[in-house]
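Being a predicted model, the structure only gives us computed values, none of them experimental. Lettering follows sequence order; numbering is per chain, from 1.
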2 protein chains.
Amino acid sequence: MPRPSMKDQRSEEILDAYLTCVARFGLEGATQERIAAEAGVKRPLLRHYLGNKDQMIDALADHVISSFDLASDVIGAELAALDTPQDLVAMLFTDRGAHDPRYLLAWQALAIAVADHPHMREPLLASMQRFLTMLQNTLARIVPSAPTVQINAVAQGISALFINADSFTPLGPPAAWRAETQEAAMLLASTLTSHTSEA
Amino acid sequence: MPRPSMKDQRSEEILDAYLTCVARFGLEGATQERIAAEAGVKRPLLRHYLGNKDQMIDALADHVISSFDLASDVIGAELAALDTPQDLVAMLFTDRGAHDPRYLLAWQALAIAVADHPHMREPLLASMQRFLTMLQNTLARIVPSAPTVQINAVAQGISALFINADSFTPLGPPAAWRAETQEAAMLLASTLTSHTSEA
DNA sequence: TAATTAATTGTCACTTATGGCAATAAACTA
DNA sequence: TAGTTTATTGCCATAAGTGACAATTAATTA
């Protein structure tokens, strides 16, 4: 008997607009006016669907973190078919059709805001750790003979390079930077195959 | 005959407080109230010394960029005495007494704001390129036999890892991450000494 | 001591951002 | 068609942020 609920759909749309604004203006720069304009709705609708400002931040954090976790799982599944660390890097850096830099930019914006929202610290750390663990497990499977410390270092390094590439996107970086970043990830991966285990 | 000018000193103090706030709250979260409180002065003094909001942003950008450039030069000079890429990494990641993560956090905050302040794009890119070039030149001097593409990749990688370490500081990251990041930089450096020039 | 210049503060107007709620419109069902 | 629930909008109160300027205080020198 009630009017059909748009809650799921509208919430998604508004969260996506919120994500866009946070990636572009930072967390405190993502005002309700901007979000509403980006989503193409009136401002009171934000409150109707996502609640007040703090609730909106929590909703965004949940969205970003769960999307990040999902991406980790999806990437992990894709990497299950690969045989060399270099293939892993190639997959991460070239198969970017599905990859959206807004998520990592928003992740960083939320990380900065942890000082004011301490409860977000653990989930944010956990989501990054999940990504790292996925890389570690994949590398450990591909190169079982490699020492754990090296596996972890390579995983951390590839992750950092992956994140760094997204961080630069608002600047419109020179194409060479991206190529060099990918090549750096390749070099890191190659240290696992050419067994040079001298610290 | 006039009262002595505090302009240089006060401007420095206020810019430092501004830097602190931008690193902590992002560019749009660094309100004049917070900056004034951080600097321990009344709000109108910000305007007196640094001008209006846009002028303050420009002043901060100049400050961050010139500090970054200076750091590049200083680090470049320190690296002039080293003989191996591993020493370079050790110097960058352990000799951090003088290194202040606020600068790179503010640099990233300014980079995000380039969408609204397009004139900052080139100076920001140039300052990062200066850092990269310094690393490239140092590596090229230490390992002259290495191919340019590999030099550039290692420089880009070490730079990304260096930046990444600072990006995580607001989160209070686990100590292992920092160690792994440094180890990843070490692995990258080591690819220049063990000559494995297979892509 | 008087003059000069800058530092510092108080205060106002204007804009932007947020919270909240009442009222209306729309879709569905009994 | 009437009733019910939700979507959607308009509106207002309050707070926060910024710009601007007048007034006051302080330090220096002639």
**Prompt:** Nearest to the side chain of Arg10(A) - dC11(D), dT8(D), dT11(C)?
**Reply:**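 Among the listed nucleotides, the one closest to the side chain of Arg10(A) is dT8(D).
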Length of the line joining [X]:[atom1] and [N]:[atom2], which is rounded to integer Å:
X: Leu50(B); N: dG19(D); atom1: CG; atom2: C1'; answer: 15 Å
X: Met6(A); N: dT5(D); atom1: CE; atom2: P; answer: 20 Å
X: Asp54(B); N: dG19(D); atom1: CG; atom2: P; answer: 8 Å
X: Lys42(A); N: dG20(C); atom1: NZ; atom2: P; answer: 21 Å
X: Met56(A); N: dG20(C); atom1: CE; atom2: P; answer: 14 Å
X: His48(A); N: dA7(D); atom1: NE2; atom2: P; answer: 4 Å
X: Gln9(B); N: dA7(C); atom1: CD; atom2: P; answer: 11 Å
X: Leu45(A); N: dG20(C); atom1: CG; atom2: P; answer: 17 Å

What pairs of nitrogen or oxygen atoms, one from the protein and one from nucleotides 12-18 of chain C, lie under 3.5 Å apart?
| unit_1 | atom_1 | unit_2 | atom_2 | d |
| --- | --- | --- | --- | --- |
| dT18(C) | OP1 | Lys53(A) | NZ | 3.4 |
| dT18(C) | OP2 | Gln32(A) | N | 2.8 |
| dT18(C) | O4 | Arg43(A) | NH2 | 3.3 |

**Request:** Return yes if a side-chain donor-acceptor contact under 3.5 Å exists between Gln86(B) and Ser190(B), otherwise no.
**Result:**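 No pair is found: no donor N or O on one side chain lies under 3.5 Å from an acceptor on the other.
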**Item:** Under 3.5 Å side-chain donor-acceptor pair for Asn164(B) and Ser167(B)
**Value:** no
**Prompt:** Is Glu122(A) atom CD crowded by more than 12 heavy atoms from other residues, nucleotides or ligands, each under 6.0 Å away?
**Reply:**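 Open: at most 12 neighbouring heavy atoms sit under 6.0 Å from CD of Glu122(A).
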Between [X] and [N], is there a side-chain N or O to OP1/OP2 distance below 4.0 Å?
X: Ser5(B); N: dA7(C); value: yes
X: Arg47(B); N: dT18(D); value: no
X: Tyr49(A); N: dT6(D); value: no

**Main-chain N/O of Thr191(A) paired to Gln150(A) side chain as donor or acceptor, under 3.5 Å** = yes
**Sugar-phosphate only, base, or nothing, as touched by Pro44(A) at under 4.0 Å among non-hydrogen atoms** = base
**Request:** For Val114(A) and His119(A), run side chain to side chain contact (heavy atoms under 4.5 Å, CB included): C-alpha distance rounded to whole Å, both residues' side-chain angles, the deciding distance at 0.1 Å, then the answer.
**Result:** CA-CA 8 Å; Val114(A) 156; His119(A) 64 282; over 6 Å; no
**Request:** Verify side chain to side chain contact (heavy atoms under 4.5 Å, CB included) between Leu92(A) and Leu161(A), making sure each step is shown before the conclusion.
**Result:** CA-CA 10 Å; Leu92(A) 276 180; Leu161(A) 290 162; over 6 Å; no
**Asked** So how far off straight is the helix from dT1(C)-dA30(D) to dA30(C)-dT1(D), going by the axes through five pairs at either end, to 10°?
**Response**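 So the angle between the two local helix axes works out to 0°.
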**Prompt:** If you draw the axis of the six-membered ring of Phe25(A), does the NZ or CZ of Arg34(A) fall within 45° of it and under 6.0 Å from the ring centre?
**Reply:** yes
**Message:** Which label fits His63(B) and Tyr103(B): parallel for a plane angle under 30°, tilted from 30 to 60°, or perpendicular past 60°?
**Reply:**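 Answer is tilted, since the angle falls between 30° and 60°.
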**Item:** Set of salt bridge (charged side-chain N to carboxylate O under 4.0 Å, His left out) partners for Arg121(A), sequence neighbours left out
**Value:**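 Partners of Arg121(A) by the salt bridge (charged side-chain N to carboxylate O under 4.0 Å, His left out) criterion come out as none, since no residue qualifies.
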